[in-house]
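Below is one structure, written out as structure tokens, with a few remarks after it.
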Amino acid sequence: MIAGIFAEEVTLLQKTLAEHGWPGYRLVGEQGSRAAWQLATYCGDSLLQSRALDLLGKAVRREDADPKHYALLADRLCLQRGEPQRFGTLYIPTDSGTLELYRVKDLPRLDDRRHALGLEPHAEYAAGLRADVLSYDATSTSG
């Protein structure tokens with residue numbers, strides 16, 4: 001049993017995965033699919049996350065889910081397992097307040113893997129992430 005405030009939602013996700021596969025755009029719309037991804041990502045159940053990743057990958061291949069969600073969940077599982085990430089989506093905050101890319105498997109081929117999913121090159125992703133963090137820092141300290 002999953003403990004926490006989302007226990008009922010996680011149970012519903014487990015049931016949905018078993019009955020329908022990944023809750024993709026055709027079944028639940030973009031917002032519903034995003035909500036399922038968020039539950040899978042933050043549920044804390046690595047077995048559920050692995051099952052969700054497999055089904056999410058199939059949905060992405062059918063263009064029924066967001067490839068970025070697949071990359072983020074895959075990299076989160078790698079982090080939890082202590083393995084290098086595959087898609088370069090995870091950054092770790094440093095003591096100096098900057099962000100550092102979490103270890104990446106076969107770094108020279110990172111953009112090839114990202115391209116295969118239809119994601120932007122890593123340099124563009126990283127620049128956007130850093131801009132988001134900088135704009136958050138500016139708004140959080142200005143008032």
Could you list the residues that satisfy side-chain hydrogen bond (donor to acceptor under 3.5 Å, both in side chains) with E83, not counting sequence neighbours?
none

Same apolar cluster (I L V M F W Y, side chains within < 4.5 Å links), L110/L90:
no

Transitive ILVMFWY side-chain link L53 to L48, under 4.5 Å:
yes

Would you check if C43 and Q49 make a side-chain contact, meaning some heavy-atom pair closer than 4.5 Å?
yes

Keeping the roles fixed (side chain from R113, backbone from K105), state whether a donor-acceptor pair exists under 3.5 Å.
yes

E9 side-chain N/O to L39 backbone N/O, donor-acceptor pair under 3.5 Å
no

Strictly distance-based, threshold 3.5 Å: is any side-chain N or O of Q80 a donor or acceptor partner for the main-chain N or O of S46?
no

For H115, I'd like to know if atom NE2 has over 12 heavy atoms of other residues, nucleotides or ligands within 6.0 Å.
no

Around E63, counting heavy atoms of other residues, nucleotides and ligands shown, do more than 12 lie under 6.0 Å from its CD?
no

Using side-chain heavy atoms (C-beta onward) and a distance below 4.5 Å, is P108 in contact with D106?
yes

Please name the pair of heavy atoms, one in Y102 and one in C78, separated by the smallest distance, quoted to 0.1 Å.
OH-O, 4.2 Å

E19 atom CD, neighbour heavy-atom count above 12 within 6.0 Å:
yes

Whether the side chain of T94 engages the backbone of L99 through a donor-acceptor N/O pair (distance < 3.5 Å, no angle test) should be reported.
no

For the student: nearest non-hydrogen atoms of L17 and P23, plus distance:
CD2-CD, 3.9 Å

Scan the side chains in residues 64-77 for donor-acceptor partners under 3.5 Å anywhere in the protein, sequence neighbours excluded, and list what turns up.
from, atom 1, to, atom 2, distance (Å)
D64, OD1, Y25, N, 3.0
D64, OD1, R26, N, 2.9
D64, OD1, R26, NH1, 3.2
D66, OD1, K68, N, 2.8
D75, OD1, R86, N, 2.8
D75, OD1, F87, N, 3.0
D75, OD2, F87, N, 3.3
D75, OD2, G88, N, 3.1
D75, OD2, T89, N, 3.0
D75, OD2, T89, OG1, 2.8

So how far is it from R61 CZ to L117 CG, rounded to the nearest 0.5 Å?
9.5 Å

Should H122 and V104 count as side-chain neighbours, where that means a heavy-atom distance under 4.5 Å?
no

With L12 via side chain to side chain contact (heavy atoms under 4.5 Å, CB included) - residues at least two apart:
T16

